[in-house]
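Computed from heavy atoms alone, side chains included, the values below leave out hydrogens, waters and symmetry copies. Throughout, protein chains are lettered first and strands after them, A, B, ... in sequence-line order, and every chain is numbered starting at 1.
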Amino acid sequence: MRELDIDLRPGDEPIALAAAFYARPPLVVARALLGQLLVHDVGGARRVGRIVETEAYVGPRDLACHSAKGRTPRTEVMFGPPGRAYVYLIYGMHWCLNVVTGAGSAVLIRALEPVAGLADDARTDGPGRLTRAMAIDRAHNARSLLEPPLWIAFGARRSPIARGPRIGIDYAGAWAAKPYRFWVRDSEWVSR
DNA sequence: GGGACGATGTAT
DNA sequence: TACATCGTCCCT
């Protein structure tokens with residue numbers, strides 16, 4: 001197990017981000033999530049990772065966004081209140097965690113810096129890897145991220161933000177080139 | 001009912 | 001560069 005980081009000392013209880021944090025444009029939330037702490041209280045233990053890479057999916061007009069297909073049973077959660085999880089299965093194997101920002105938009109969590117409660121060999125660089133390390137799956141879809149067991153808390157960031165095109169959406173035409181991916185510039189935990 | 005395909009990850 | 005693996009969407 002890794003030691004707790006400087007902004008999460010033993011005995012300190014993390015402070016959850018409020019609903020208002022998520023009720024902003026997805027590009028703003030994607031940036032603001034960098035440095036925050038993803039927390040999962042599971043099996044009597046707490047797993048914590050610092051968010052170091054995100055992507056914004058800005059709504060139905062964004063051809064890379066699942067809500068571009070319209071309101072379906074899968075995308076319905078993205079049209080609901082901000083601050084809930086949108087979790088889906090990709091390539092039949094990997095779970096991806098998104099934070100709903102409302103009006104059909106969401107932010108994909110792409111990489112974490114391990115902070116606490118994760119196995120030393122657990123990998124958190126990549127959307128599919130981090131859900132495995134954090135024990136996140138379909139059971140968390142549409143659940144609130146404002147309180148335990150799966151929630152996001154205030155964290156700290158020490159490095160500038162970089163941005164560039166999103167990964168794996170070449171089918172999305174002009175939307176593929178838009179710089180909607182954000183990462184902590186000097187983090188060694190960013191994917192790829 | 002069937003088929004194409006994917007916001008990925010790992011092995012070859 | 002191949003491919004594992006299955007839910008979702010769309011067409012027949």
Exercise for review: May I have the distance from A:Ile90 (atom CD1) to C:dA4 (atom P), rounded to whole angstrom?
Suggested key: 17 Å

Exercise for review: Could you check how far CZ of A:Arg192 sits from P of B:dT10, rounded to whole Å?
Suggested key: 13 Å

Check your understanding: Which heavy-atom pair separates A:Leu108 from A:Pro127 by the least distance, and what is that distance?
Key -> CD1-CB, 4.2 Å

Exercise for review: Please work out if A:Arg132 contacts a base, only the sugar-phosphate, or nothing of the nucleic acid, heavy-atom cut-off 4.0 Å.
Suggested key: sugar-phosphate

Review point. Any stacking of A:Tyr88 on C:dG7, going by centres under 5.5 angstrom and planes within less than 30 degrees?
Key: no

Exercise for review: Give one of base, sugar-phosphate or nothing for A:Thr72, where a contact means two heavy atoms less than 4.0 Å apart.
Suggested key: sugar-phosphate

Check your understanding: Taking atom CZ of A:Arg166 and atom CG of A:Asp62, what is their separation to the nearest 0.5 Å?
Key -> 4.0 Å

Review point. Considering only heavy atoms and no angle criterion, is a donor-acceptor pair shorter than 3.5 Å present between the side chain of A:Tyr91 and the base of C:dA4?
Key: no

Check your understanding: Taking for each residue the nucleotide of DNA chain B bearing the nearest heavy atom, is the 5' side occupied by A:Tyr171 or by A:Arg129?
Key -> A:Tyr171

**Study point:** Rounded distance in Å - NE2 (A:His94) to P (C:dA4)
**Key:** 13 Å

Review point. Side-chain heavy atoms under 4.5 angstrom apart, residues restricted to Ile, Leu, Val, Met, Phe, Trp, Tyr: same cluster for A:Ile109 and A:Tyr180?
Key: yes

Check your understanding: From the list B:dA7, C:dC10, C:dC6, which nucleotide is the closest neighbour of the side chain of A:Lys69?
Key -> C:dC10

Practice item. Would you mind telling me which of B:dT8, B:dA7, C:dG7 lies closest to the side-chain atoms of A:Ile167? Key: B:dT8

**Study point:** Side-chain N,O (A:His66) to OP1/OP2 (C:dT8) below 4.0 Å
**Key:** no

Review point. How close or far is atom P of B:dT10 from atom CG of A:Asp125, stated in whole angstroms?
Key: 8 Å

Study note, to complete from the structure: Residues A:Thr124 and A:Ala133: closest non-hydrogen pair is CG2-CB, 3.7 Å

Check your understanding: When you look at CZ of A:Arg143, are more than 12 heavy atoms from neighbouring residues, nucleotides or ligands closer to it than 6.0 Å?
Key -> no

Check your understanding: Does atom CZ of A:Arg163 have more than 12 heavy-atom neighbours, drawn from other residues, nucleotides or ligands, at distances under 6.0 Å?
Key -> yes

Review point. A:Arg74 CZ to B:dG6 C1': how many Å, rounded?
Key: 8 Å

Practice item. Send over the distance from A:Met93 CE to C:dT5 P, rounded to a whole Å. Key: 7 Å

Practice item. Could you let me know what B:dG9 is paired to, Watson-Crick or G-U wobble, both distances under 3.5 Å, or none if it's on its own? Key: C:dC3

Review point. Which whole-number value in Å describes the distance from A:Trp95 CH2 to C:dT8 P?
Key: 8 Å

Practice item. Identify, between A:Gly92 and A:Thr75, the residue whose nearest nucleotide on DNA chain C lies closer to the 5' end. Key: A:Gly92

Study note, to complete from the structure: Per atom distances to the A:Pro73 side chain, the nearest of B:dA7, B:dT10, C:dC9 is C:dC9

Check your understanding: Which part of the nucleic acid does A:Ile169 contact within heavy-atom distance under 4.0 Å: base, sugar-phosphate only, or nothing?
Key -> sugar-phosphate

Exercise for review: Mind calculating the distance between CZ (A:Arg71) and C1' (C:dC9) to the nearest angstrom?
Suggested key: 18 Å

Check your understanding: Quick one: is B:dT8 close enough that its OP1 or OP2 comes under 4.0 Å of any side-chain N or O from A:Arg110?
Key -> yes

